[in-house]
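Keep in mind it's a predicted model, so treat the numbers as computed, not measured. Numbers restart at 1 for each chain; the letters A, B, ... are given by sequence-line order, proteins then strands.
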Amino acid sequence: MLLLLLGIIFLHLAALVLLFVSTIVSAWTTGESTTSDLWTNCTTSGCITASTGEWIQSVQAVMILSIIFSCLSLFLFFCQLFTLQKGGRFFLTGTFQILASLFVMSGAIIYTVMSPEWVPEGNSFGYSYILAWVAFPLALISGLIYVILRKRE
Amino acid sequence: MLTFLALTSVALLGIVPEQSQAIAIYTGWERHALVGSDIRLSCSFFSWRWTSEDVTFSWTYRPDGSRDSISIFHYTGGAAYVDNKGPFRDRLEFVGNPGRRDGSILLKNLELNDNGTFTCDAKNPPDIVGRPSSVRLLVFEKVPIQAGVITGAIIGVVLGLLVLIVVIYYLMRFLVARRVFSLSVSKHGKKKKEGSQQRQIKV
């Protein structure tokens, strides 16, 4: 029982850490000497703020929202752990975590769809982009586990 | 002591008018405009002297990335001379009022190449010592969105919806609980009335 609890919390925290790194580090696109998006574009000669187009801002907003919802879900999990009746399901926790995963998914999809404009020829996707795509199934699985799990003891 | 005071006062009287004879020129700091629009670049000055008849205004333009300035406007002897050969020919108009110390010009039909620094220099004889003032012009194709506006809007809307849903949920629970409570109270009330009526009849 304790092992299951620790495993679930570890999965949730892993998804949360991936979300944080993916959002904060500006490395969605990398070239030979440049890294860019979501917040700054850096070359060897210096950094400037990223373009202020509507779609970049929407990706920023959606990633931040996914972090907020994942944190809320973790907080709710601990609340429900102590207040739920025996046999109850962690519905609220699961919904917030699934919403967070949906936000990451939409952010990654928007970035992929706009990539012909944003990722110039010769540049490739950076590790922040890949972490976003990895965080999406982790958060989704974590949310589904919460919805299926029943409180015991 | 008295001579010392007299000397300092004479020195001060001597210094202050010297400084106050500098002319101070005011333009904007930076101006933004859209391609194809008109923009008024204002220039005015402050001088301790009356506005003389020989007041002159001159504007020079230095394109972004270039080190050379080109003269585009000059007002002297009561007449305004606008650019008729340079980058602003037929696009420049004098809209100032030299009598009111205003040497503003109007640029029409802006192009993307008009990005640059415009310097205004005014002279009000005998008040001629002063620093010219510059205004930077930025021409945009379309109005750029400020960074963070849409981000903040999306986050605000979603969190607002969340708060709204929570509030509505608790409100519904509260209302339903109150209706159940009032129903049970009315039931209790009816039972009490019937009970007291029966007792009265018995008595």
Could you please state which residues from residues 130-149 of chain A sit under 4.5 angstrom from chain B, measuring non-hydrogen atom to non-hydrogen atom, sorted by number, or 'none'?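 Answer by number: none.
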Residues of residues 58-85 of chain A with any heavy atom under 4.5 Å of a heavy atom in chain B: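 Result: A:Ser58, A:Gln60, A:Ala61, A:Ile64, A:Leu65, A:Ile68, A:Phe69, A:Leu72.
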Atom of B:Ile25, atom of B:Ala122 and distance for their closest heavy-atom approach: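 Closest approach of B:Ile25 to B:Ala122, heavy atoms only: CD1-N, 3.2 Å.
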Which atoms form the tightest heavy-atom contact between A:Trp55 and A:Met114, and what is the distance?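 Minimum heavy-atom separation between A:Trp55 and A:Met114: CD1-CE, 3.4 Å.
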[X] atom [atom1]: more than 12 heavy-atom contacts under 6.0 Å:
X: A:Trp39; atom1: CH2; value: yes
X: A:Leu3; atom1: CG; value: no
X: A:Phe10; atom1: CZ; value: no

Anything in residues 154-177 of chain B with a heavy-atom distance to chain A below 4.5 Å? Please list those residues in order.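 The residues closer than 4.5 Å to chain A, in numerical order, are B:Ile154, B:Ile155, B:Val158, B:Leu159, B:Leu162.
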Kindly write out the residues that satisfy side chain to side chain contact (heavy atoms under 4.5 Å, CB included) with A:Thr34, not counting sequence neighbours, or none if the list is empty.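 Partners of A:Thr34 by the side chain to side chain contact (heavy atoms under 4.5 Å, CB included) criterion, ordered by chain and then number, come out as A:Thr43, A:Asn123.
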Is the B:Tyr81-B:Tyr75 ring centre distance short of 6.0 angstrom?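 That pair fails the under 6.0 Å test.
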With ring centroids as reference points, do A:Tyr111 and A:Trp118 lie under 6.0 angstrom apart?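 Yes.
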When you measure from the side chain of [X] to the backbone of [Y], do you find a donor-acceptor pair of N or O atoms at a distance under 3.5 Å?
X: B:Trp59; Y: B:Ser104; result: no
X: B:Ser69; Y: B:Arg62; result: no
X: B:Ser66; Y: B:Pro63; result: no

Atom pair OG/NE2 of B:Ser58 and B:His74 - distance to nearest 0.5 Å: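 Those atoms lie 6.0 Å apart.
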Within this structure, what is the CG-CD distance for the pair B:Asn109 and B:Glu111, rounded to the nearest 0.5 Å?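 Going from CG on B:Asn109 over to CD on B:Glu111, the span is 6.5 Å.
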